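Here the structure is a predicted model, which means the values were calculated and not measured.
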Amino acid sequence: MASIPQYKASDYQVNRPRYKESLVEFITSYHKANLSADTKLCVDVGTGTGIFARRLTSYFDKVIGTDISESMLETARQSTTGNQIEFINAPSEDLSFLKDHSVDVLTAATGAHYFDSPKFVAEAQRVLKPSGTLAIFGYNGLPHFVDYPQCDQIARHYFLDNSKLGAFWSSGYNVVVNMYRCYHQLLQENQWSDVRRYIFPAAIKDEPSTEFPPICSKEPVVMHYNVTWQMLENFWQTSSGVVHYAKLHPDQESLAKTMVREMMQAVGATDMNELLDVQWEEVLLMGHPSTC
């Protein structure tokens, strides 16, 4: 499994974006289009602090959230009421506590890029019911500023250039930068059915792919997260590349702070609490397991 940064769970819980209220409905509508589909058990792998798992409880009889970070799981348990969700320490590629073909829906919220993708897809094939659904989705932290488009290139430079954060991302970061095209390929190669990959916004580098064509959404499906400059800085402070960079450069200013300051200078902004209209690069990939 890919190396995962050691986030401070409390900061992660507070400063990460929240997913759209309609996202679970979007996934379950796709799932229920199969008339034999059930909603008894949903498993949210790489659940972190349980942000998305808690959204699932209104749609499924039981929800299980898994993660390999016990500190994340402890925060998840402390933030969750009731007994409908169970949190289990387990890698996403080894869900051996689950029986074959026992899961209705398997989700991964902004985590699948950390997984060993072939092993994870094989495990999803094993645990999902024939009528089940895999839904993996996420965002890569790259913004498109509606009112300040000149900031887009500043963000890409800091995020992707090896002289900045490019060399400090976890090994799977390019998977989500590339909008899960490798997962799209895996599902097709393994004969999954009704594979759909939604991306937003349409102006994403190298998209739409001609080899693995996505559905270009006219509006966000995964998240709609308007931020202030301060919120943007706080969010980027929890990004794996910034976390890794800070560990190796403890005496330097956080690159999240540097990046936001450079953007504000570029557009003449002075108010850290100014509300920004931001479109985030996001992807949602869904499919049903092969019945072969």
Side-chain angles (χ1 to χ4, degrees), residues 16-67 76 80 84-86 92 95 98 101-115 117 120-121 123-125 127-140 175-176 179-181 183-184 186-188 190 192-201 212 214-225 280-290:
R16 298 299 279 188
R18 297 302 189 257
Y19 301 104
K20 289 187 70 173
E21 293 289 344
S22 58
L23 175 57
V24 182
E25 184 65 39
F26 195 90
I27 293 169
T28 54
S29 294
Y30 167 87
H31 175 64
K32 291 178 180 178
N34 184 334
L35 297 180
S36 61
D38 210 339
T39 55
K40 292 180 179 177
L41 176 61
C42 180
V43 178
D44 183 48
V45 295
T47 197
T49 58
I51 291 171
F52 188 66
R54 286 186 287 276
R55 291 281 184 88
L56 297 164
T57 56
S58 298
Y59 297 84
F60 296 90
D61 296 343
K62 182 175 177 61
V63 176
I64 297 175
T66 71
D67 206 278
T80 304
Q84 195 177 352
I85 306 181
E86 180 181 6
S92 302
L95 304 173
L98 293 169
H101 312 306
S102 61
V103 177
D104 295 298
V105 174
L106 186 68
T107 61
T110 316
H113 48 291
Y114 291 131
F115 306 160
S117 51
F120 172 63
V121 169
E123 187 69 339
Q125 172 77 46
V127 302
L128 281 169
K129 296 176 181 177
S131 59
T133 293
L134 173 67
I136 61 175
F137 53 90
Y139 51 86
N140 58 27
V175 174
V176 69
M179 297 285 101
Y180 288 169
R181 286 196 294 273
Y183 274 104
H184 195 157
L186 274 171
L187 297 191
Q188 287 191 344
N190 287 279
W192 287 56
S193 63
D194 195 18
V195 176
R196 304 183 195 179
R197 186 168 63 95
Y198 296 86
I199 65 168
F200 179 85
F212 304 105
I215 299 169
C216 296
S217 300
K218 294 182 179 180
E219 61 182 34
V221 175
V222 176
M223 59 184 279
H224 184 71
Y225 184 52
W280 299 94
E281 294 190 5
E282 64 172 43
V283 58
L284 165 63
L285 175 68
M286 297 186 290
H288 304 300
S290 166

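Every residue two or more places apart in sequence or in another chain that forms a side chain to side chain donor-acceptor pair (under 3.5 Å) with Asp194 is listed here: Arg196. Scanning for side chain to side chain contact (heavy atoms under 4.5 Å, CB included) contacts around Ser193 gives His288, with sequence neighbours left out. Glu123 pairs by the side chain to side chain contact (heavy atoms under 4.5 Å, CB included) definition with Asp94, Leu95, Arg126, Val127, not counting sequence neighbours. Applying the salt bridge (charged side-chain N to carboxylate O under 4.0 Å, His left out) test to Glu219 and every residue at least two apart in sequence or in another chain returns nothing. In this structure, Phe60 has no ring-ring contact (aromatic ring centres under 6.0 Å, His included) partners at least two apart in sequence or on a different chain. Under the ring-ring contact (aromatic ring centres under 6.0 Å, His included) criterion, Tyr59 pairs with no residue at all, not counting sequence neighbours. For Lys32, there are no salt bridge (charged side-chain N to carboxylate O under 4.0 Å, His left out) partners, not counting sequence neighbours. Qualifying salt bridge (charged side-chain N to carboxylate O under 4.0 Å, His left out) partners for Asp61, counting only residues two or more places apart in sequence or in other chains: none. A search for side chain to side chain contact (heavy atoms under 4.5 Å, CB included) contacts involving Ser217 returns Tyr198, Phe200, Val221, not counting sequence neighbours. Scored by the ring-ring contact (aromatic ring centres under 6.0 Å, His included) test, Phe137 finds Tyr19, Phe52 as partners (sequence neighbours excluded).
Annotation: side chain of Val105 is not in contact with side chain of Thr28 (no heavy-atom distance under 4.5 Å). Counting only heavy atoms from C-beta outward, the side chains of Thr66 and Val43 approach each other to under 4.5 Å. Looking only at side-chain heavy atoms (C-beta outward), Leu128 and Trp192 come within less than 4.5 Å of each other. Between Phe212 and Tyr180 the shortest side-chain heavy-atom distance does not fall below 4.5 Å. Using a 4.5 Å heavy-atom threshold, the side chains of Asn190 and Ser290 count as separate.
Rounding to the nearest 0.5 angstrom, the gap separating the CD1 atom in Ile85 from the CG atom in Asp44 is 9.0 Å. Interatomic distance, CG of Leu285 versus CZ of Arg181, reported as 12.5 Å (0.5 Å rounding).
The two residues Val176 and Gly138 come nearest to each other via the heavy atoms CG2-C, 4.4 Å. The two residues Ala124 and Leu106 have their closest heavy-atom pair at CB-CD2, 3.6 Å. Taking each heavy atom of Ile199 and Pro214 in turn, the nearest pair found is CD1-CG, 3.8 Å. Here the shortest heavy-atom pairing between Cys42 and Leu56 reads SG-CD1, 3.6 Å. Shortest non-hydrogen contact noted between Gly65 and Thr47 is C-CG2, 3.7 Å. Between Ala53 and Val63, the closest heavy-atom pair is O-CG1, 3.9 Å.
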Subject >> Criterion side chain to side chain contact (heavy atoms under 4.5 Å, CB included) on Val45 and Phe115, from CA distance to verdict >> reply: CA-CA 10 Å; Val45 295; Phe115 306 160; 3.9 Å; yes
**OP:** For the pair Ser117 and Leu186, evaluate side chain to side chain contact (heavy atoms under 4.5 Å, CB included) and give the outcome as yes or no after the intermediate values.
**Re:** CA-CA 8 Å; Ser117 51; Leu186 274 171; 3.7 Å; yes
Original post:
Can you list the steps and then say if Asn140 with Met179 is a side chain to side chain contact (heavy atoms under 4.5 Å, CB included)?
Top reply: CA-CA 8 Å; Asn140 58 27; Met179 297 285 101; 3.5 Å; yes
**OP:** Could you please spell out the steps behind the side chain to side chain contact (heavy atoms under 4.5 Å, CB included) verdict for Leu187 and Leu134?
**Re:** CA-CA 10 Å; Leu187 297 191; Leu134 173 67; 4.3 Å; yes
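Contacts classified as salt bridge (Lys or Arg N to Asp or Glu O under 4.0 Å) and involving residues 19-31 (residues at least two apart or in different chains) are given here: Glu21-Arg55. Legend: salt bridge (Lys or Arg N to Asp or Glu O under 4.0 Å) pairs involving residues 128-139, not counting sequence neighbours, sorted by first then second residue: Asp104-Lys129.
Using modelled atom types, one side-chain atom of Thr57 and one backbone atom of Arg54 make a donor-acceptor pair closer than 3.5 Å. When atom types are taken as modelled, the side chain of Trp280 and the backbone of Tyr225 share a donor-acceptor pair closer than 3.5 angstrom. Within the 3.5 Å criterion, the main-chain N or O of Met223 finds a donor-acceptor partner in the side chain of Glu282.
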